[in-house]
Structure formats: C-alpha cells, structure tokens
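Data block below; observations after.
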Amino acid sequence: MKKLSVNIDHVATLRQARGENEPDPVTAALVAELAGAAGIVSHLREDRRHIQDSDVYLLRKMLKTKLDLEMAATDEIVNIALDVVPDLVTLVPEKRQELTTEGGLDVASQLSHFKTVTEKFHKKNILVSLFIAPVKEQITAARKAGADFVELHTGEYANAKGKNADSELARLQKAAQDARKLGLKINAGHGLNYRNLKPVAMIDEIEEFSIGHSLIGHAIHVGLERAVKEMLEILREAER
Ligand code: PXP
C-alpha cells in the first residue's frame with residue numbers, strides 16, 4: 001500500500017497564532033504515527049512562521065517512524081539539518097511572501113548547487129528528495145544532482161478542474177514513469193485532499209504522499225486519529 005506522511009506544520013501555525021505552547025506539533029506527530037502515518041513532515045522555514053528549531057530537534061528524538069525535514073537549500077537551514085540528521089530532507093523553493101510553497105525547484109539551472117548540497121547530506125547518510133514540477137527536464141536534473149527521491153508537485157493537478165485535471169493527472173503519471181526509469185524513488189504532494197487523492201494514489205510508481213493542510217483541517221472537525229485513518233482508507237481503496 002502507498003504510504004502517508006503527515007505534515008504537522010499547521011498545528012504549529014495555530015500555536016504561533018497565540019505565541020504559547022499549545023497545540024503542540026510534536027504531540028500531533030505522535031498521534032499521527034499511532035494512527036498509521038509512515039512518517040512526519042515538517043518545514044523549518046527561514047522566517048520560522050510555524051515550526052521552530054526546537055520542534056525539529058524534539059521530533060528527531062521522539063518519532064518512531066521517520067522524519068522528513070522540508071527545507072530551503074540555504075546555508076543556515078542546511079547546517080541545522082546536518083545537525084538534526086533527519087531520515088530524509090525534501091528541498092523546496094522558498095519565498096518570504098508566499099502563503100505556502102508555490103512551485104517546484106528549478107534544479108536544472110542550479111545543478112551544481114543541488115549536487116553540492118545533496119553530497120553534504122549523503123555524507124551523513126541522510127536521503128535527499130527534490131520537490132519539482134512533473135517536467136522531464138527537472139527529473140533528469142534531479143537524477144544528475146544525485147537525489148534519491150523526487151517529490152512531484154501535485155498543486156497544478158489539485159487546482160485543475162474537469163479535463164484539465166485529467167491532463168494534469170496524465171502529466172504526473174508520465175513524470176512518475178520517467179523518474180522511475182532513471183532509478184529515482186517518487187513521492188508526491190501539495191494540495192491533496194479527501195476528494196482528489198485517489199486518482200493520484202492509483203499511479204503505481206508513487207510510493208508516498210505528503211499531506212498537511214486538508215488533513216489537519218479535517219482533524220479540527222473529526223479528530224486527528226480519525227483524519228489520518230480516513231486518508232489511509234483512501235490509499236487502501238486505490239490499491240483495490
Ligand atoms: N509537499 C511539499 C513539498 C510542500 O511544500 C507541502 C506544503 O507544505 C506539502 C507537500 C503539503 O501540502 P498541503 O499542506 O497542501 O497538503
């Protein structure tokens with residue numbers, strides 16, 4: 001069955017809104033693990049708008065599954081990640097004004113930078129995933145940079161309607177096949193929810209989904225354990 005990694009950033013968003021200790025993203029991560037998540041994702045942004053450095057260190061200590069640290073490939077955050085030693089880093093582009101990660105990385109035009117950063121992580125046995133649009137040029141560049149995974153950006157698919165959604169889905173499928181042929185492993189995420197996950201989950205080559213906003217939002221209504229279990233049920237249905 002496909003795996004689900006739960007992004008707990010928005011638990012920290014709620015905490016930061018009051019500047020207090022609650023709700024606690026680390027507690028949420030442990031509940032998500034108990035409900036069946038295969039891993040936990042958190043994004044240590046340069047502006048620290050939600051997840052804080054101390055959360056990442058505590059997650060590293062407490063998690064029983066795996067920690068996927070989403071991050072920009074800047075010197076400051078790379079040095080923190082090398083100290084934390086997550087199981088996987090997912091490198092993403094980051095802009096100060098954006099509400100969420102807006103696009104994929106342009107690996108092709110910064111190949112030597114991503115190659116250098118990937119080598120630093122590999123020296124510490126940390127796996128590297130590059131968050132890219134489902135575009136052949138970027139997949140080939142990710143392979144050249146030495147990445148272990150690509151995370152395919154599903155945002156265009158999630159925002160598309162009708163026939164456009166079908167063609168975005170076909171693009172993801174083709175990209176997943178191209179990446180697999182090059183020996184890359186494939187994750188996917190961004191904008192996935194209880195309505196649009198199943199068709200993407202039927203793409204054979206994708207191993208794991210990184211889902212945050214819709215799941216944490218749903219948890220406000222039904223509780224985090226049930227929100228994780230309902231998302232896993234969709235992945236189970238996609239296998240049938
Ligand atoms: N994957 C990446 C690389 C992301 O930047 C995000 C957003 O933090 C997600 C997955 C999760 O997206 P969403 O919150 O829309 O589920």
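Please read all numbers here as calculations on a predicted model, not as lab measurements. Every number for a ligand or one of its atoms is a count from 1 in the order of the listing.
- Shown in contact with Asn7 at under 4.0 Å from a heavy atom are these atoms of ligand 1, numbered in order with element: 8 (O).
- No more than 12 heavy atoms of other residues, nucleotides or ligands lie within 6.0 Å of CD in Glu156, so this atom counts as exposed by the packing criterion.
- At distances below 3.5 Å, at least one donor-acceptor pair connects side-chain atoms of Gln138 with backbone N or O atoms of Ala108.
- Defined by atom type and a distance below 3.5 Å, a donor-acceptor pair is missing between the side-chain atoms of Glu151 and Ser129.
- By the criterion of a heavy-atom distance under 4.0 Å, the side chain of Glu151, and not its backbone, is placed next to ligand 1.
- Within the structure, ligand 1 has Gly191 among the residues with a heavy atom less than 4.0 angstrom away.
- Side-chain atoms of Met71 and Leu91, non-hydrogen and from C-beta on, do get closer than 4.5 Å to each other.
- Between Thr90 and ligand 1, no N or O atom pair is found at a separation short of 3.5 Å.
- Below 4.0 Å from some heavy atom of Ile211 lie the following atoms of ligand 1, by number and element: 16 (O).
- Protein heavy atom closest to atom 14 (O) of ligand 1, with residue, atom name and distance, is His213 N, 2.9 Å.
- Heavy-atom proximity to Val92, at under 4.0 Å, picks out these atoms of ligand 1: 3 (C).
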Quiz: residues 20-32 side-chain donor-acceptor pairs under 3.5 angstrom, not counting sequence neighbours:
unit_1, atom_1, unit_2, atom_2, d
Asp24, OD1, Val26, N, 3.2
Asp24, OD2, Thr27, N, 3.3
Asp24, OD2, Thr27, OG1, 2.7

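- Interface of Phe131 with ligand 1, defined as ligand atoms under 4.0 Å from a residue heavy atom, comprises 3 (C).
- Between His10 and His50, the ring planes lie perpendicular to each other; the angle is over 60°, past the 30° to 60° tilted range.
- When only non-hydrogen protein atoms are considered, atom 12 (O) of ligand 1 lies nearest to His190 CA, 3.5 Å.
- Counting protein heavy atoms only, atom 16 (O) of ligand 1 is closest to Gly212 N, 2.8 Å.
- Atom 5 (O) of ligand 1 has Glu70 OE2, 2.6 Å as its closest protein atom, hydrogens excluded (heavy atom only).
- When only non-hydrogen protein atoms are considered, atom 11 (C) of ligand 1 lies nearest to Ser210 O, 3.7 Å.
- With Lys2 contributing its side chain and Ile206 its backbone, the two residues share a donor-acceptor pair below 3.5 Å.
- Annotation: His218, atom NE2; neighbour count of heavy atoms from other residues, nucleotides and ligands within 6.0 Å is above 12.
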